[in-house]
Amino acid sequence: MKVRHVFTHADRRRLGGLLLSDQTRGAAPRQLLDELECLLEEAEAMQPESISDDVVTMNSTVLLISVNSAAENTCTVVYPEDVDLVDDGVSVLEPLGTQLIGCEVGDLVECETQKEGSPWRVAEILFQPERVGAFHL
């Protein structure tokens, strides 16, 4: 499993605000919120222009491959309010979204709620906003 996560300053700031929201605290499991808070506190934060192309940032679309079966899954890590707006959107406040944010290509994530079980390897980042200069996403 991953030891160090990387976030953009903007993602870290916006996710921190999300954690402080009364709406978020009432909707998401406490354990998940605590996990995300720990990730944010321990993560390295970078300017969006400096983040590596192989880091999962908010609104990144990733290709996951099951280590157990080689099954593939594609998903996009989004803010909770955007889940229904994006094909295969996974909220950062869902277990898989929390596991993915800040990971790098090659990292393993575990999420029992996915069809094939766990673990999953981050095989490729198909889209990352920072890669195309979309620093506002």
Side-chain angles (χ1 to χ4, degrees):
M1 286 300 277
K2 179 123 179 93
V3 175
R4 178 186 73 101
H5 283 72
V6 179
F7 288 85
T8 66
H9 286 293
D11 285 350
R12 191 175 189 184
R13 185 173 39 256
R14 188 165 175 198
L15 288 169
L18 187 65
L19 288 174
L20 294 174
S21 157
D22 288 337
Q23 182 179 5
T24 299
R25 287 194 302 250
R30 183 76 221 159
Q31 180 180 355
L32 190 65
L33 296 176
D34 290 345
E35 182 180 337
L36 183 56
E37 183 176 14
C38 285
L39 286 176
L40 291 173
E41 288 175 0
E42 297 171 359
E44 177 182 353
M46 304 180 79
Q47 292 297 331
E49 302 85 3
S50 302
I51 199 120
S52 173
D53 288 350
D54 66 350
V55 173
V56 180
T57 61
M58 290 303 300
N59 298 299
S60 290
T61 301
V62 298
L63 173 63
L64 302 172
I65 297 180
S66 171
V67 173
N68 297 331
S69 70
E72 295 184 356
N73 184 23
T74 301
C75 62
T76 302
V77 181
V78 297
Y79 292 98
E81 64 271 16
D82 296 334
V83 168
D84 294 333
L85 303 175
V86 177
D87 290 337
D88 299 318
V90 174
S91 170
V92 69
L93 295 181
E94 294 176 31
L96 181 59
T98 299
Q99 289 283 316
L100 283 171
I101 189 68
C103 283
E104 297 178 18
V105 170
D107 287 343
L108 296 178
V109 294
E110 295 191 29
C111 186
E112 293 78 25
T113 61
Q114 292 300 302
K115 299 172 253 183
E116 296 292 324
S118 61
W120 290 83
R121 182 173 47 84
V122 178
E124 183 179 355
I125 298 178
L126 303 172
F127 173 78
Q128 180 202 61
E130 293 78 11
R131 188 185 300 161
V132 297
F135 304 120
H136 61 284
L137 294 179

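Numbering of residues begins at 1 and proceeds along the displayed sequence.
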Kindly say whether Leu18 contributes a backbone atom to a donor-acceptor pair with the side chain of Thr24 at under 3.5 angstrom? yes

Could you check whether atom CD of Glu41 has more than 12 heavy atoms from other residues, nucleotides or ligands sitting under 6.0 Å from it? yes

Minimum heavy-atom separation for Ala123 to Ile65, with atom names? CB-CD1, 3.7 Å

Using side-chain heavy atoms (C-beta onward) and a distance below 4.5 Å, is Thr76 in contact with Asp87? no

Identify the two heavy atoms, one from Gly16 and one from Leu40, that lie closest to each other, and give their separation to 0.1 Å. N-CD1, 3.8 Å

With side-chain hydrogen bond (donor to acceptor under 3.5 Å, both in side chains) as the test, would you mind laying out the steps for Thr57 and Glu130 before giving the verdict? CA-CA 8 Å; Thr57 61; Glu130 293 78 11; 2.6 Å; yes

For the side-chain contact (heavy atoms from CB on, under 4.5 Å) test, which of Asp82, Leu32, Val77 pairs with Val92? Val77

Where do Ala43 and Phe7 come nearest, in terms of heavy atoms and distance? CB-CD1, 3.1 Å

Is there a donor-acceptor contact under 3.5 Å from the side chain of Asp11 to the main chain of Met58? yes

Do you know the tightest heavy-atom contact between Val56 and Ile125? N-CD1, 3.7 Å

Taking it one step at a time, do Cys75 and Leu100 satisfy side-chain contact (heavy atoms from CB on, under 4.5 Å)? CA-CA 10 Å; Cys75 62; Leu100 283 171; 3.7 Å; yes

Can you tell me if Glu81 has over 12 outside heavy atoms packed within less than 6.0 Å of its CD? yes

Please determine, by modelled atom types, if Asp54 and Ser52 share a side-chain donor-acceptor pair under 3.5 angstrom. yes

Nearest heavy-atom contact between Met46 and Ser50 is CE-O, 3.5 Å

